[in-house]
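Computed from heavy atoms alone, side chains included, the values below leave out hydrogens, waters and symmetry copies.
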Amino acid sequence: MTANLLDFDLDGLAAFCERLGEKRFRAVQLFRWVHQKGVARFEDMTDLARSLREKLPSVCEVRGLPVLAEQASADGTVKWLFDVGDGNAVESVFIPEDDRGTLCVSSQAGCAVGCRFCATGHQGFSRNLTTAEIMAQLWFAEHALRQRFGTRERVISNVVMMGMGEPLQNYHALVPALRVMLDDHGYGLSRRRLTVSTSGVVPMMDRLAADCPVALAVSLHAPNDALRDDLVPLNRKYPIAELLDACLRYLPAAPRDFITFEYCMLDGVNDRPDHAEQLVQLLKHHGGRGVPCKLNLIPFNPFPDSGLRCSSKAAVKAFADRLNAAGIVTTVRKTRGDDIDAACGQLAGDVLDRTNAAQRLAQRRLQEGQPMLWKPSMKETSA
C-alpha cells in the first residue's frame, strides 16, 4: 500500500522525501499543498518539479476518509460520520461561534475507559485511529467548510481532542497529528487553541508535557475517589491525588497558567452541595497550594440506556455559585448540537466492539440493582 501523506508531520514528510532523493523544501511545498490548500491531486501542485509530480503517485497519496453521513443542527453545529473500515465509523463535530470555529476530533474507534455518562464508552472499543485518520477529520472539515462558506480564510480556529476515544491511550498517533495542527506550514493553530482532553492517563500526561504541551482538559466528574471510581473507571488505576499531582507537573510546560477540569452534572449522583464543598476543598488545597484551574460544568446529555439524568438548572446554578464564591472560575457549558446527538458525551459513531461493553454494562446494572432498559443483542452477547 502506498504511503498516506496525512500520516506525516513535517519532519516525517521530510524524511519520506529524503528517501525519494528530494530536499526538505519539497516536503514543505507538499505539506502546504495538502494542509493549507487541501489539494490531493499531485498534478495540481503546480510549483513542484514535473519529475516529482510524476514520481509521487507511485509511492504515496493523500487519502481522506469516506463520509458516511453529515448532519446540521439548528444552531449551526455540523456533525460528520467517517468510515474508518472494518465496520467502524467515528464522528467529528464543528461548533461555530462568533469569535471562533471549533472542531471536535476523535482519536479512537470507541473508547476503553468506559465512563458511565459517555455514549462512546457504552459502545466499547475497537481500535486506535492512525495519525492519518485523526488528521483526515480536520483536513476534510476545514476545506469542506471553506467551500461551504465561500472563503479562502481559515474556518477552524480551535481543535479539541474531545471526540470518540481517550487521546492519551493513542499517544503514538496523537502527537504527530498535534504537530501538524500546530505547524505554521499546516494549520497554524496556537498551543492555547489546541486542547487534549483526558480522563487521567497520568504517565502520558507527563510525556505530553515533555513532547508537545498543548492546552489540557481533564475529565474530573467527581470530588472523591469512591465516586470517581464508579463514574470514571480509570480512577482505580490513577486516583485523584495522583491525577492532580500530574496536573501540577504539567502546568510549567502548559500554554495556559491553569488546567481545565470538566465536570458532567448528574442528577443525584455528583451534584449535591456536599459534592461542591468537597470539590472546593480538593482544588483549593491539594498539595498544600491547590491546583490553578478553571471548571466547566457540563449538563449531562442523555442517551439510551445510560440510566442517568441531567441535574436540574437550579442544582447546576447552585453548584456553580459555590465554586465561583470560593474563587474557582466556573462556567456552565452551553449545550450545542443536541438535536443531532452532537453534544458532549453523545458521540457514538459505529464501533465493532472488541471489549464486550454491552455485556459488562448489563452485568454492572444487575449488580447495582438497576432496571434493564434494554437487552443485549445476540451479536453483543456472543462477542
Side-chain angles (χ1 to χ4, degrees), residues 6 8-14 27-28 31-38 76-78 92-107 131 134-146 149 151-163 167-168 170-171 173-198 204-219 246-262 291-296 329 331 333-334 336 344:
L6 295 178
F8 297 125
D9 61 15
L10 185 53
D11 286 341
L13 186 55
V28 172
F31 202 74
R32 287 175 173 171
W33 276 110
V34 172
H35 295 293
Q36 290 188 351
K37 299 181 181 180
T77 299
V78 182
S92 304
V93 178
F94 173 67
I95 306 164
E97 298 180 72
D98 291 341
D99 61 342
R100 74 191 71 176
T102 301
L103 186 70
C104 182
V105 173
S106 294
S107 57
T131 297
I134 294 172
M135 283 310 310
Q137 298 169 65
L138 174 57
W139 180 73
F140 172 84
E142 173 64 36
H143 299 291
L145 290 168
R146 286 187 198 179
F149 298 142
T151 181
R152 293 184 179 179
E153 300 299 318
R154 188 170 66 188
V155 176
I156 295 168
S157 62
N158 296 58
V159 171
V160 292
M161 298 301 305
M162 294 183 183
L168 295 187
N170 188 14
Y171 191 82
L174 172 71
V175 169
L178 298 179
R179 288 175 174 153
V180 176
M181 297 176 195
L182 293 168
D183 200 299
D184 286 341
H185 297 299
Y187 298 88
L189 299 178
S190 76
R191 293 181 186 271
R192 295 170 61 91
R193 290 178 175 267
L194 178 53
T195 301
V196 169
S197 176
T198 181
M204 296 298 100
M205 292 169 62
D206 290 331
R207 284 189 61 181
L208 188 66
D211 294 340
C212 191
V214 294
L216 193 68
V218 175
S219 297
C247 290
L248 290 173
R249 292 193 298 271
Y250 194 88
L251 276 169
R256 296 174 174 171
D257 57 0
F258 60 88
I259 299 292
T260 299
F261 289 112
E262 309 281 355
V291 181
C293 63
K294 289 187 176 181
L295 203 73
N296 276 340
V329 177
T331 58
R333 181 178 292 174
K334 181 181 178 182
R336 298 290 299 272
C344 185

key: Distance (rounded to the nearest 0.5 Å) between Asn158 CG and Met181 CE   = 12.0 Å

key: Min side-chain heavy-atom separation Val159-Gln137 under 4.5 Å   = no

ask   = What distance separates Thr331 OG1 from Asn296 CG, expressed to the nearest 0.5 Å?
value = 4.0 Å

message = Do Phe258 and Val329 make a side-chain contact, defined as non-hydrogen atoms from C-beta onward lying under 4.5 Å apart?
response = no

request  = Could you name each residue pair satisfying side chain to side chain donor-acceptor pair (under 3.5 Å) that touches residues 178-189, not counting sequence neighbours?
outcome  = Arg32-His185, His35-Tyr187

query = side-chain contact (heavy atoms from CB on, under 4.5 Å) between Val160 and Ile95: does it pass, once the steps are laid out?
reply = CA-CA 11 Å; Val160 292; Ile95 306 164; over 6 Å; no

ask   = So which heavy atom on Thr195 is nearest to which on Ala217, and how close?
value = CG2-CB, 3.9 Å

task = Indicate yes or no: at least one non-hydrogen side-chain atom of Cys247 is less than 4.5 angstrom from one of Phe261.
result = yes

query = Roughly how far, to the nearest 0.5 Å, is the CG atom of Asn170 from the OG atom of Ser107?
reply = 6.0 Å

query = What heavy-atom pair brings Met135 and Ala177 nearest, and what distance separates the two atoms?
reply = SD-O, 3.5 Å

task = Determine the minimum heavy-atom distance between Ala27 and Leu13, stating which atoms define it.
result = O-CD2, 3.4 Å

ask   = Given the rule in the side-chain contact (heavy atoms from CB on, under 4.5 Å) test, do Glu262 and Met162 qualify, once you have shown the distances and angles that lead to the verdict?
value = CA-CA 11 Å; Glu262 309 281 355; Met162 294 183 183; 3.6 Å; yes

request  = Look at atom CG of Asp99 and say whether more than 12 heavy atoms of other residues, nucleotides or ligands are closer to it than 6.0 Å.
outcome  = yes

message = Which heavy atom of Val155 sits nearest to which heavy atom of Glu142, and what is that distance?
response = N-OE2, 2.9 Å

message = Nearest 0.5 Å, please: how far is CG in Leu216 from OG1 in Thr198?
response = 7.0 Å

query = Would you call Val196 and Leu208 a side-chain contact if the rule is heavy atoms closer than 4.5 Å?
reply = yes

request  = Kindly compute the distance separating CG (Leu178) from CD1 (Ile134), expressed to the nearest 0.5 Å.
outcome  = 8.0 Å

query = Quick one: does Leu248's side chain get under 4.5 Å of Pro292's, heavy atoms only?
reply = yes

ask   = Going from CZ on Arg152 to NE2 on His143, what distance comes out if it is rounded to the nearest 0.5 angstrom?
value = 13.0 Å

request  = Taking side-chain hydrogen bond (donor to acceptor under 3.5 Å, both in side chains) as the test, write out the residues that go with Thr131, two or more places apart.
outcome  = none

task = Return yes if some donor-acceptor pair links the side-chain N/O of Arg100 with the main-chain N/O of Arg193 below 3.5 Å, else return no.
result = no

message = Quick check against the 3.5 Å criterion: does Arg191 have a side-chain atom that pairs as donor or acceptor with the backbone of Pro213?
response = yes

query = Can you name the closest pair of heavy atoms from Val175 and Cys212 and give their distance?
reply = CG1-CB, 4.3 Å

ask   = What is the minimum heavy-atom distance between Ala215 and Pro255, and which atoms define it?
value = N-CG, 3.5 Å

